Undergrad: 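Handing you a structure now.
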Amino acid sequence: FFFFFFFTLSKKKNHHLLFYSSLHLLLVMTDSKRSKTTEMEDKCINTIRTVAIDTVQKANSGHPGAPMGCAPMAQALFSHVMSFNPANPKWSNRDRFVLSNGHACALQYTMLHLLGFNVSVDDLKQFRQIGSITPGHPENHVTDGIEVSTGPLGQGISNGVGLALAERHLAGVYNKPGHNVVDHYTYVICGDGCLQEGVSAEASSFGGHQKLGKLIVLYDDNHITIDGATGLSFGEDVLKRYEAYGWHTLAVSDGNQSDLTDLRQAIEEAKAVTDKPSMIKVTTIIGFGSGKEGTHDVHGAPLGDEDIANVKRKFGIDPAKKFYVADDVKEYYKQVAARGAEKEAAWNDVFAKYEKEYPELASQFVRAMSGELPEDWDSTLPTFDSSTKAEGSRKYSQKVLASVVDTIPELIGGSADLTPSNNTKVKGNELDNTPETPEGRYIRFGVREHGMSAICNGLAAHGGVIPFCATFLTFAGYCLGAIRLSALSGFRVLYVFTHDSPGLGEDGPTHQPVETYAHLRCLPNLHFFRPADGTETVGAYKAALQSSHTPSVFALSRQNIPNYDESSVDNVAKGAYVLKDVDSAQLIIAASGSEVSLAVDAAQQLTSEGIPTRVVSFPCWSLFNEQSQEYKESVFTPGVPVMSVEAANTQGWAKYSHAQIGIDTFGLSGPGDKVLAHFGFTIDNVVEKGKKVAAFYGSSAPSLTRVAF
């Protein structure tokens, strides 16, 4: 308007002079406005840097370099791009942010503090201290505003793929013409280390194949790792690699400047590409402003008081002031937070209209996002008894999945290219989840076990879905980094792992997971289920689905196992229970999974030969550990010796049994029944060992469930 006004005047006398005067004045005003904007951006960015380095210095521990280099990226995302409301960190339609290089969490905590999330300056001062809400790496269950737990490199960007996949799926399920109730982006900041980890390659390949256009990754290209320059070990062209994955790629050559024009323009260009995820390489200087900038020395240690003082002088901040935030900076971020609240209010209006037009879908959406299961979801669960055909527990699992996919519409998942073996595709989830059918509930993860598991963590973190994934149990080794974070984060992820023992046979020791039970059982907040029949498989699923903050692993057999009238869905939730009892037991055989039938047969023979033997089915150690002492002693009667029978490593069984039959070596290649017989899993051997245990202990076996503390 200003330019048009003076252009009109220029048509009159002295038009050339007036025209160029108007143009000059317009440019001056534009430059002045941009100068003021850049000045404020500069002040905010430098505040982020100095508060972050003060946070690390106060703890005398942490990583100051990445927060200093990434501060402009954080400013662009949080102040100009993302939608969120600090007053309601769980607003369902917020943009999701993942700091994949979680060691830089002083940056994220600083942003949460400045924006008014529940992170105070005192919380910053307690960085990396016991009991604080600012731990050494981000933990989603500890700090409001943290979506996923990151730190193990590569996991965060992989979680980001899952977050974006969840958004697209839920949009496909719930959005209707004129009612976009699910419509947000996932933004990730990652570093060189994240992109060197194999899990990120798996997940990124999947994300490109799935054309996840609402996933935008900002890659902090600072050329430094702990060892030194990235060139020591990492020389590939990352953008070309991601282009090959099917990503849209861009580059910002100077990510250190306070003028965010190039960075914001790149993000907007990325948002405009809807059929590909975007990777934006942002070249930065690690530790920007420090006397050690651009070196590995600034990566993982506090800067020191002298260097911090010099940094603050360089950025125009009084070195004597710690955790300093100027009043105008505080006001700036208050306005950002206020805009976020307005965005949520606008979305609430959208959802209110949606709720009136689609009340059932709206109710389902609210329930699913809350993590609550539908009412009577378990009313369709199958039943089994001794007359039911004996099958592998992977087949029983398939029947359970088929029974709940309709009653739990948020259940979504798939297999790592082992669908016919895992038996995870059932009636009700036949439609594949693809870019063309985002409402589909079956995910083709491909041969990407680690990426699959990390993606499922992202799905769970988003909310609104309950993810499951499947492979052979032996390949849990590929998944462990992500499974551990499932447990740490409290994500309800169901791991359907089949071919659970040397009983699988000819594939041999490479595929026989003799050590895997012990590894998974020792993870805190993880349920490892090894069901003995169809009823226990139902019980395992029921307990897992009801554990809203605990992941579960199902170890399922390939070989057929019989069903028992005495097995119990509810008793699975107790971890162990008496399956077959006798009067005045002189021996207890505890077993899990496919070895329970062997225990039953051996116990019958022992009882017939004068050694009354009880059989305890032990599907889940962690649940049994939660039971009362009274219940534990009702299962394992004090004084009665216990012998365990399980086709895996015996480590850990000494906590529950006085003697163990197991496999403390690798397995063998051969027919499954012959392999098991080779390792002593026969009625004769179990009976022989049982007699020895009963004779050795008599009626004075020490109680293993009674402990001093």
Side-chain angles (χ1 to χ4, degrees), residues 77 82 84 89-90 94-105 108 135 137-143 145-170 184-191 193-208 210 212 214-220 242 245 247 277-279 412-414 416 433 443 445 448-469 478-495 549 551:
L77 288 173
M82 296 198 311
F84 57 87
K90 295 299 184 182
R94 68 192 180 277
D95 288 328
R96 270 56 170 184
F97 173 75
V98 176
L99 185 68
S100 189
N101 47 339
H103 57 269
C105 58
Q108 194 166 9
H137 290 83
E139 298 178 40
N140 61 291
H141 57 287
V142 171
T143 315
I146 302 295
E147 304 287 354
V148 292
S149 300
T150 60
L153 295 178
Q155 295 290 337
I157 184 175
S158 305
N159 298 160
V161 172
L163 288 163
L165 183 66
E167 190 275 345
R168 191 186 69 185
H169 171 69
L170 294 174
H184 53 265
Y185 286 80
T186 298
Y187 296 95
V188 178
I189 291 178
C190 75
C194 294
L195 301 184
Q196 292 178 51
E197 291 286 357
V199 64
S200 67
E202 293 182 22
S204 297
S205 171
F206 174 88
Q210 283 280 352
L212 297 174
K214 287 190 172 180
L215 171 61
I216 298 175
V217 176
L218 279 63
Y219 158 38
D220 177 27
Y242 271 77
Y245 287 153
W247 287 53
S278 291
M279 169 69 73
I412 177 174
N433 186 287
I443 304 171
F445 286 107
R448 305 182 181 101
E449 291 89 353
H450 197 181
M452 170 183 73
S453 305
I455 289 166
C456 281
N457 283 338
L459 287 165
H462 184 282
V465 296
I466 299 174
F468 70 88
C469 60
Y478 286 143
C479 308
L480 276 168
I483 293 175
R484 186 175 185 275
L485 285 174
S486 300
L488 176 65
S489 305
F491 290 148
R492 177 169 47 187
V493 178
L494 309 186
Y495 292 95
H549 298 290

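For reference, positions follow the sequence shown, starting with 1. Worth saying up front: this structure is predicted, and the values here are computed from it rather than measured.
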Undergrad: Quick one: does Glu197's side chain have a donor or acceptor within less than 3.5 Å of a partner on Gly154's backbone?
TA: no

Undergrad: Measure from the side-chain N and O atoms of Arg96 to the backbone N and O of Glu167, and report whether any donor-acceptor pair falls under 3.5 Å.
TA: no

Undergrad: Backbone N or O of Cys190 within a donor-acceptor pair of the Ser100 side chain at under 3.5 Å?
TA: no

Undergrad: Taking the side chain from Trp247 and the backbone from Gly207, do they hold a donor-acceptor pair closer than 3.5 Å?
TA: no

Undergrad: Does a sphere of radius 6.0 Å around CZ in Arg94 hold more than 12 heavy atoms from other residues, nucleotides or ligands, not counting ones at 6.0 Å or beyond?
TA: yes

Undergrad: Give a yes or no answer on whether the side chain of Ser205 reaches the backbone of Tyr245 with a donor-acceptor pair at less than 3.5 Å.
TA: no

Undergrad: Anything under 30° is parallel, anything over 60° is perpendicular, the rest tilted; go ahead and classify His103 against His137.
TA: perpendicular

Undergrad: Establish, from distance only, whether the side-chain atoms of Ser453 and Tyr495 form a donor-acceptor pair under 3.5 Å.
TA: no

Undergrad: Is there side-chain contact between Asn457 and Ser489, with at least one heavy-atom pair below 4.5 Å?
TA: no

Undergrad: Whether the side chain of Ser200 engages the backbone of Gln196 through a donor-acceptor N/O pair (distance < 3.5 Å, no angle test) should be reported.
TA: no

Undergrad: Would the number of heavy atoms belonging to other residues, nucleotides or ligands and lying under 6.0 Å from OH of Tyr478 be above 12?
TA: no

Undergrad: So, does Gln210 use its side chain to make a donor-acceptor pair with the main chain of Asn433 at under 3.5 Å?
TA: yes

Undergrad: Can you tell me how far the CG atom of Leu163 sits from the CG atom of Asp95, to the nearest 0.5 Å?
TA: 11.5 Å

Undergrad: Would you say that more than 12 heavy atoms from the other residues, nucleotides or ligands in this model lie under 6.0 Å from the NE2 of His549, or not?
TA: no

Undergrad: When you measure from the side chain of Asn140 to the backbone N and O of Ile146, does any donor-acceptor pair fall under 3.5 Å?
TA: no

